[in-house]
Amino acid sequence: MTYIANTCATAPSRPTLIAGLTARLAVWKQRRALKALNDTALEDIGLTRREANLEAKRTFWDAPETWRC
């Protein structure tokens, strides 16, 4: 089971250093969890092993705008 925290729900309206670091840590954890999924689980979410590996290789500060608080 993969746990994905929603850091934006509790983040203050004005980002702080701690909130920014927390969000980046969440991105890092999600990418590690994605890389750890087996091929069946990846197929269930519509990704290939190659796509999962490419996403997992991205740096923690390289998050899409929609992921940011």
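Between atom CG of residue Leu21 and atom CH2 of residue Trp28 there is a gap of 14.0 Å, rounded to the nearest 0.5 Å. Leu47 contributes atom CG, which lies 10.5 Å from atom CG of Asn53 (distance to the nearest 0.5 angstrom).
With sequence neighbours excluded, the residues satisfying side-chain hydrogen bond (donor to acceptor under 3.5 Å, both in side chains) with Thr59 are Trp61. Taking the side chain to side chain contact (heavy atoms under 4.5 Å, CB included) definition, one finds that Arg58 meets it with Arg31, Glu55, Asp62, Pro64, sequence neighbours left out.
In this structure, Arg24 contributes its side chain and Ala19 its backbone to no donor-acceptor pair below 3.5 Å.
Put simply, the side chain of Leu34 reaches to within 4.5 Å of the side chain of Leu42, judged on heavy atoms.
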* Would Asp44 and Leu37 count as a side chain to side chain contact (heavy atoms under 4.5 Å, CB included) if you check the C-alpha gap in whole Å, the side-chain angles of each, and the deciding distance to 0.1 Å? -> CA-CA 10 Å; Asp44 285 347; Leu37 292 176; over 6 Å; no
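No more than 12 heavy atoms of other residues, nucleotides or ligands shown are found within 6.0 angstrom of CD on Glu43.
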